[in-house]
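Worksheet for the structure shown next.
Every number for a ligand or one of its atoms is a count from 1 in the order of the listing.
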Amino acid sequence: MTDRKNSDKKPDSQIIVIFGGRGDLSMRKIVPALFTLWTQGLMPARFAVLATGRSSIDNETYRAEVSSAISSVTKQKNSDLTGEFIRSFYYTALDPADIGDYKPLAMLLEQMREELGIPGNTLFYLSVPPGLYDDIPHNLALCGLNSESDGWKRMIIEKPFGHDYQSAVSLNKLLLENWNESQIYRIDHYLGKETVQNILVTRFSNGIFEPLWNRNYVHHVEITSSESLGVEKRGSYYEETGALRDMVQNHLLHLVGFIAMEPPSSIDSTSIRNELVKVFESLRPISQEDAAKVTIRGQYTGSHVKGELISGYREEEGVDPASMTETFAAMKFYIDNWRWGGVPFYVRTGKRLPTRVTEAVIHFKPTPHYLFSGKSGCEGCNQLIIRIQPDEGILLKFGMKIPGAGFNVRNVNMDFHYSDLADGRIPEAYERLIYDCMNGDSTLYTRSDAVLAAWKFLDPVIQAWKNDHSIPVYGYPAGTWGPETADDLIEEPELTWRYPCKNLADDGIYCEL
Ligand code: BG6
């Protein structure tokens with residue numbers, strides 16, 4: 001992993017072309033990330049951003065939109081800085097599916113390069129609906145915009161990459177007809193999160209964890225990513241996706257990969273990505289028949305949360321009133337290798353749960369013989385909780401003697417919060433990822449074999465959920481932790497999922513409730 005402090009380098013001069021330049025992702029994430037990089041001196045010496053979209057607006061109108069996007073995200077009000085930054089933005093109307101629009105794009109890029117003194121290096125950012133992931137790369141190539149004769153060409157593709165294993169194979173094949181793997185940057189913004197990268201640093205820079213990080217000492221691993229928001233304005237996208245494709249196939253499996261991978265031989269892109277793929281390829285296949293036993297799906301229903309009436313998923317805009325799409329997914333699986341043989345991994349994610357929290361919990365085995373009273377089995381076992389967000393940090397739970405007579409034990413916390421660091425600003429995932437792509441570092445981007453292996457693992461579940469109507473879609477009231485039956489996935493009757501925020505004093509975690 002590159003250490004930003006030690007490796008801050010200015011990327012090559014380049015033009016960044018954003019397809020979907022007026023879209024939500026561009027305005028909420030991409031543009032503010034570029035602005036922050038620029039204020040930190042991490043943008044190229046010479047650069048321009050050319051945004052494209054279907055509507056016809058001029059550069060000045062677009063710049064005004066960029067300026068207000070920056071003010072609303074960074075709270076920077078029309079400052080001189082923003083004024084200077086937006087002068088690097090340009091806009092051109094383009095229908096991504098119409099090949100006729102690409103010749104003018106190529107000519108415009110040529111003209112901008114000449115006028116601004118920027119070489120042919122170009123980063124194409126596809127911030128568009130997945131239906132356009134085949135058209136745009138193909139049309140760019142037909143106009144020679146993939147050619148590296150005058151400078152590098154890179155392409156960032158947002159998730160979801162494919163809809164299932166077969167569609168991901170086809171999309172990959174299509175891309176590789178005109179682009180090299182090294183030009184394709186498949187984004188999973190979780191890999192850009194500091195705390196996700198910190199999993200590797202925690203594991204591989206501390207001698208104390210690695211000896212315990214295996215089947216001999218770990219009882220089970222639990223990963224939760226919960227959101228308090230619903231599907232907002234993305235109902236029609238979500239109808240086609242659901243929680244399994246939206247969160248598990250990418251973000252949560254990547255967390256599993258970082259927690260479970262073997263130490264890479266070095267911290268370069270190939271070594272890390274090789275280890276990640278090995279984890280995905282070792283996931284024990286789940287048959288369609290077993291899907292009913294090891295997975296749970298749910299959908300939020302209307303309810304009152306903090307006195308406010310929250311609509312159910314089926315009442316959301318763009319959602320079929322009889323929809324079977326899951327807004328909650330939980331599953332149990334195994335990684336069949338020497339390190340993890342027999343250790344269950346549990347993952348769950350959902351919308352409209354009580355709070356927004358993403359965390360990974362390593363549950364350690366109990367001591368072989370317990371000397372003190374008041375504890376049995378894994379109750380009160382050591383836990384290492386890696387808080388990905390929002391209260392980023394690491395918490396270790398262990399037993400301590402309660403002062404006084406006897407040997408009474410109580411679980412206490414050793415807690416580290418990123419916010420305690422003097423310069424505790426945690427960069428946004430998109431800042432890191434865009435910076436890396438501008439520099440040609442693909443370490444935190446997903447390689448095709450990893451994407452395919454993740455789809456291959458989940459495909460039988462997707463098929464079972466689609467075809468087997470005996471697998472229930474449990475309703476759960478908005479503001480609760482999903483279907484109660486999700487607890488049954490956890491093998492031992494006395495164990496449940498960890499419910500962050502249930503016991504505030506114990507958790508020391510930021511909670512919305
Ligand atoms: C996106 C999903 O990839 O991740 C969204 O499409 C989800 O549905 C989001 O809300 C969660 O990201 P974060 O960074 O807020 O955890």
Exercise. Would you sort out whether Asn250 and Arg245 count as a side-chain hydrogen bond (donor to acceptor under 3.5 Å, both in side chains), showing the intermediate values?
Key: CA-CA 8 Å; Asn250 32 75; Arg245 290 185 174 97; over 6 Å; no
Quiz item: Within 45 degrees of the axis of the six-membered ring of Tyr445 and under 6.0 Å from its centre: does Arg186 put its NZ or CZ there?
Solution: no
Quiz item: Would you call Lys29 and Glu428 a salt bridge, using N to O less than 4.0 angstrom?
Solution: yes
Self-check item: Within-shell test, Tyr190 vs ligand 1, heavy atom, strictly < 4.0 Å
Solution: yes
Exercise. Quick one: look up the protein heavy atom nearest atom 10 (O) of ligand 1 and list residue, atom name and how far away it is.
Key: Glu227 OE1, 2.5 Å
Quiz item: At what distance is the nearest protein heavy atom to atom 15 (O) of ligand 1, and which residue and atom is it?
Solution: Arg356 NH2, 3.2 Å
Quiz item: What atoms of ligand 1 come closer than 4.0 angstrom to any heavy atom of His251?
Solution: 1 (C), 3 (O), 4 (O)
Quiz item: Do ligand 1 and Thr358 have nitrogen or oxygen atoms that lie under 3.5 Å from each other?
Solution: no
Practice problem: For atom 6 (O) of ligand 1, find the nearest protein heavy atom and state the residue, atom name and distance (0.1 Å precision). | Solution: Asp246 OD1, 2.6 Å
Quiz item: Which ligand 1 atoms are under 4.0 Å away from a heavy-atom of Lys351?
Solution: 5 (C), 7 (C), 8 (O), 10 (O)
Quiz prompt | Asp246/Lys159 ion pair, N-O < 4.0 Å | solution = yes
Quiz prompt | Met438 vs Leu123, side-chain contact (heavy atoms from CB on, under 4.5 Å): CA-CA, chis, key distance, verdict | solution = CA-CA 7 Å; Met438 290 194 295; Leu123 192 171; 3.8 Å; yes
Practice problem: Kindly identify the option in Lys159, Lys193, Gln389, Arg245 whose heavy atom sits closest to atom 14 (O) of ligand 1. | Solution: Lys193
Self-check item: Working for salt bridge (Lys or Arg N to Asp or Glu O under 4.0 Å), residues Asp459 and Lys456
Solution: CA-CA 5 Å; Asp459 248 15; Lys456 198 173 206 166; over 6 Å; no
Quiz item: Is it true that Tyr334 and Trp340 have ring centroids separated by less than 6.0 Å?
Solution: no
Quiz item: Nearest protein heavy atom to atom 12 (O) of ligand 1, by residue and atom, and its distance?
Solution: His189 NE2, 3.2 Å
